[in-house]
A.B. asks: 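I have a structure I would like to understand better, so I am pasting it below and will then ask my questions one at a time.
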Amino acid sequence: MAVYTDITEDDLRDFLTQYDVGELTSYKGIAEGVENSNFLLHTTREPLILTLYEKRVERADLPFFLGLMQHLADRGLSCPLPLPRRDGALLGELSGRPAALISFLEGMWLRKPEAKHCREVGRALAQMHLAGEGFQLTRPNALSLEGWKTLWEKSADRADEVEAGLEEEIGSELAYLDSCWPRDLPFGVIHADLFQDNVFFLGDQLSGLIDFYFACNDMLAYDVAICLNAWCFEKDGSYNLTKGMALLEGYDAVRPLAEPERDALPVLCRGSALRFFLTRLYDWLTTPEGALVVKKDPLEYLRKLRFHRSIASSVEYGLPAEAV
Ligand SMILES: Nc1ncnc2c1ncn2[C@@H]1O[C@H](COP(=O)(O)OP(=O)(O)O)[C@@H](O)[C@H]1O
Ligand SMILES: N[C@@H](CCOP(=O)(O)O)C(=O)O
């Protein structure tokens with residue numbers, strides 16, 4: 001459960017007086033997510049999400065995240081919208097944290113996605129990339145190469161507690177990625193965390209994307225790599241080629257990947273696997289016992305990273321051979 005900061009009913013009622021949202025009828029902490037504290041509110045008008053921004057979210061980045069949701073929604077992407085306060089501000093403060101009220105998106109995330117869902121995710125990701133064009137604010141990816149090195153410095157000396165030999169293996173991987181990380185692929189606004197819990201479906205129909213709090217400017221194909229990692233592996237660690245083909249087909253139908261982007265997929269998948277391994281490892285080693293959050297397993301991403309090292313060509317992810 002991700003509620004790091006608790007709220008009192010009195011403080012919440014006081015906070016809500018700044019908005020035109022009706023009367024509070026109930027609220028509860030949401031037992032999902034790992035980054036921020038989220039609450040579901042019911043009011044006399046409509047359900048709402050209250051988000052209190054926590055450790056990895058810089059206050060200075062909030063205008064980027066909240067503005068991006070507005071920009072994408074204005075361009076027809078289905079995603080939640082931050083509600084303005086009576087004074088027009090999108091951000092307030094509650095229990096000492098920056099806080100925002102966000103519209104409630106109908107749907108559920110899929111515990112067992114199939115290839116047809118992966119195709120929808122590919123389409124939605126490409127739609128987001130196109131809809132992000134023209135967004136005026138920018139935010140460099142704090143979790144790219146330099147960020148990985150910083151995270152690694154904080155965990156390296158304890159990494160072998162998680163698996164023997166990790167300190168050496170990850171050190172070499174970082175050096176490898178540093179030497180060949182692509183820098184000139186098409187750039188734009190990326191979601192950067194489009195995992196299953198951030199994509200809602202109503203039946204088989206994708207109803208929207210949530211959780212834009214890692215969004216940033218980076219290579220669009222890196223977002224595709226993040227999705228291949230998040231959506232196309234099975235619980236036993238095997239890559240599901242059918243899902244990979246579907247996701248890439250869905251993406252290509254809306255925004256065809258250019259040849260250099262296709263060629264770069266193996267290295268982008270390695271980088272993406274390392275990125276999630278590193279945040280998970282850091283959290284694994286630092287989250288206090290008893291905290292109200294389910295820690296995610298770093299080794300899942302280590303296995304994915306090792307798989308990507310064995311890939312010789314992007315065809316192995318499910319790209320049509322003639323296009324590679
Ligand atoms: N706009 C929304 N509409 C409906 N449910 C939401 C919305 N935002 C968050 N949630 C719920 O809260 C959970 C955690 O949200 P998320 O943004 O992923 O948190 P975190 O940033 O902590 O990972 C989601 O899985 C979902 O159940
Ligand atoms: N998707 C990341 C963790 C971030 O969690 P989210 O709840 O914000 O999607 C991971 O799986 O490591």
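Counting starts at 1 for both ligands and their atoms, following the listed order.
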A.B. asks: Any idea which atoms of ligand 2 are less than 4.0 Å away from a heavy-atom of N198?
C.D. replies: 9 (O)

A.B. asks: Report yes if N36 has an N/O atom closer than 3.5 Å to an N/O atom of ligand 1; otherwise report no.
C.D. replies: yes

A.B. asks: Among all protein non-hydrogen atoms, which one is nearest to atom 19 (O) of ligand 1, and what is the separation to 0.1 Å?
C.D. replies: N38 ND2, 3.0 Å

A.B. asks: Which atoms of ligand 1 are found less than 4.0 Å from any heavy atom of N198?
C.D. replies: 18 (O)

A.B. asks: Would you mind listing which atoms of ligand 2 come within a distance below 4.0 Å of any non-hydrogen atom of D197?
C.D. replies: 6 (P), 7 (O), 9 (O)

A.B. asks: With heavy atoms of E35 as the reference, note each atom of ligand 2 found under 4.0 Å away.
C.D. replies: 4 (C), 8 (O)

A.B. asks: Below 4.0 Å, non-hydrogen atoms only: which portion of T279 touches ligand 2? Side chain, backbone, both or neither.
C.D. replies: neither

A.B. asks: Rounded to the nearest 0.5 Å, what separation is found between the NZ atom of K243 and the CD atom of E234?
C.D. replies: 3.5 Å

A.B. asks: Report the residue from E300, E173, E163 that forms a salt bridge (Lys or Arg N to Asp or Glu O under 4.0 Å) with R306.
C.D. replies: E163

A.B. asks: Can a non-hydrogen atom of S37 be found less than 4.0 Å from any atom of ligand 1?
C.D. replies: no

A.B. asks: Taking only heavy atoms of P80, which atoms of ligand 1 are found under 4.0 Å from at least one of them?
C.D. replies: 1 (N)

A.B. asks: Under a 4.0 angstrom heavy-atom cut-off, which atoms of ligand 1 come close to I30?
C.D. replies: 11 (C), 12 (O), 13 (C)

A.B. asks: Taking only heavy atoms of F276, which atoms of ligand 2 are found under 4.0 Å from at least one of them?
C.D. replies: 2 (C), 10 (C), 12 (O)

A.B. asks: Using 0.5 Å steps for rounding, measure from the CG atom of L90 to the CZ atom of R85.
C.D. replies: 9.5 Å

A.B. asks: Within the 4.0 Å heavy-atom shell around F200, which atoms of ligand 1 are there?
C.D. replies: 4 (C), 5 (N), 26 (C)

A.B. asks: Any N or O of L105 that comes nearer than 3.5 Å to an N or O of ligand 1?
C.D. replies: yes

A.B. asks: By number and element, which atoms of ligand 2 are closer than 4.0 Å to a non-hydrogen atom of R280?
C.D. replies: 10 (C), 11 (O), 12 (O)

